[in-house]
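Report on one structure; see the data block that follows.
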Number of protein chains: 2
Amino acid sequence: MNTSPEDYLKNIYIVKETVGKVTTSGLAEKMGITAPAVSDMISKLAKSGHIKNIPYKGFELTKKGEETAINLIRKHRLWEVFLVQELGYEWNKVHDEAEKLEHSSSDELITKLEEYLSFPEYDPHGHPIPDKQGKIIKQKVIPCTELEVGDIAEIREVSDASQEVLGYLTKVGLRLNVKFSVVEKINFDNSVQIEFENQKIFLSEKLAKNIYVRKSS
Amino acid sequence: MNTSPEDYLKNIYIVKETVGKVTTSGLAEKMGITAPAVSDMISKLAKSGHIKNIPYKGFELTKKGEETAINLIRKHRLWEVFLVQELGYEWNKVHDEAEKLEHSSSDELITKLEEYLSFPEYDPHGHPIPDKQGKIIKQKVIPCTELEVGDIAEIREVSDASQEVLGYLTKVGLRLNVKFSVVEKINFDNSVQIEFENQKIFLSEKLAKNIYVRKSS
DNA sequence: GAAAGAAATTAAGCATACTTAAACCTTAAT
DNA sequence: ATTAAGGTTTAAGTATGCTTAATTTCTTTC
């Protein structure tokens, strides 16, 4: 399954956002390809002015590269909204579908789709949708793992990459905007126990890392 | 711009429908590529069982190939309906957009889209939409060029390939379901003059060939 | 500050959908 | 029936996004 140059830019942007640092091997793992493939594409994208690259030292998106990345993210998220809101998809099934559609839709189509959907601000996983000019309003959120016992928090965002995580959240009743309190925290394995709607739930580290919240008190 | 194997199947199906006969060079021209490229892909598709091929003699779709072709056409036409009906596209702008989307949507997505659109029977150009089982109800239509003076006919289908043709039709007020009569026929250049809604219009051969009608008396 | 280990890059090669140029059938005309 | 013309296929080579293997560079450790 061949990836497009655009896809690299998008993933660089996202890894930078979520992990903080982008490396050749990190990107390779995220994209399910090998490091040399990444290295190769990085230098191509450097030539075309989308990336600033210093071999062996690191790379980052240029303004141009970031614009392309954000435009693709915009397409992805708007399609996700359409799939969930209009076609009735479950939130854990839309990622892959949107991944394909984003590459097959013109800017004009997306403009029309955005209007059709009444200019949604967030995608089904709580991620903000960049506007036509590439402006994106980032929420201030922290992963569940950073909460302390007694904290009360509200779910604002969930990572959309893993179907299993999303499926599990749905199963136990966790959705966006759910408010919960931290009952227990086990530093040993970084898991947390939370309470919401009169039930207690264990979140493993893997799960907790994918849930982003805003403390509400 | 690389074409997928599926696209060949679709184009074979369509050329067979509209022209009657499919040749290597004919397909190449339709697809905007060279004959060797077609020849090459034909033998690959023969190996995979989508096409029955006798070198130098001709080729045709197998049942399997036809199913794939029809499924792609189904996707194309449903997307066209969506673009026109929901997003407000003009009918002469949807072909290229649908051409891309059709390759990026799963069968499941199309099933949901079809329901969302309330199971439309025709696309914006009057082409029938195959159902999930690949069943397609072909209209009995004839090109305008086959009409005689005095005939009254109704527009049932227009070719969607040419933006210019569709744009022109819109400009002069011709749409699907418009009823008209043939005022004059010039056998010399195969053009016809028609009358509808109290105006007279000349249709060149090129135009007339792309308008399919049903005689109504 | 030298050596070992880790990470990144370069090299060589593969698959695929193309291209142009050459070779090959088929057919139609005399 | 032979040949010329035309369409079809094969051959050779290109671009692109990958792979594994080899090499280079960086970083960490002592």
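Quick note: numbers below take in every heavy atom, side chains included, and nothing from hydrogens, waters or symmetry partners. In what follows, chains are A, B, ... by sequence order, proteins preceding strands, each numbered from 1.
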Next item on the list: State plainly whether the residues B/Arg214 and B/Glu154 are in salt-bridge range, i.e. N to O under 4.0 Å.
Entry: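 No, no charged N to carboxylate O under 4.0 Å.
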Item checked: Short side-chain to backbone donor-acceptor contact, B/Lys215 and B/Leu147, under 3.5 Å ->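 Not at all, since once roles are kept as given, no pair shorter than 3.5 Å links the two residues.
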Check: Taking it one step at a time, do A/Ile54 and A/Phe59 satisfy side chain to side chain contact (heavy atoms under 4.5 Å, CB included)?
Finding: CA-CA 6 Å; A/Ile54 305 173; A/Phe59 53 86; over 6 Å; no
Check: Would a 4.5 Å heavy-atom cut-off, applied to side chains only, mark B/Ile194 and B/Leu174 as touching?
Finding: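 Touching, per the 4.5 Å side-chain cut-off.
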Check: A/Ile33 has an atom CD1; how far is it from atom C1' of C/dA15, in whole Å?
Finding: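 Roughly 16 Å, once rounded to whole Å.
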Next item on the list: Starting at atom CE of B/Met31, determine the distance to atom P of C/dA17, rounded to an integer number of angstrom.
Entry: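 For the pair B/Met31 CE and C/dA17 P, the rounded distance is 11 Å.
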Check: Can you pull the salt bridge (Lys or Arg N to Asp or Glu O under 4.0 Å) pairs that have at least one residue in residues 15-31 of chain A, sequence neighbours excluded?
Finding: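 Applying salt bridge (Lys or Arg N to Asp or Glu O under 4.0 Å) to every pair that reaches into residues 15-31 of chain A, excluding sequence neighbours, yields A/Glu17-A/Lys138.
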Item checked: Under 4.0 Å protein heavy-atom contact, by nucleotide of nucleotides 4-17 of chain D - B base, S sugar-phosphate only -> ---BBBB------S
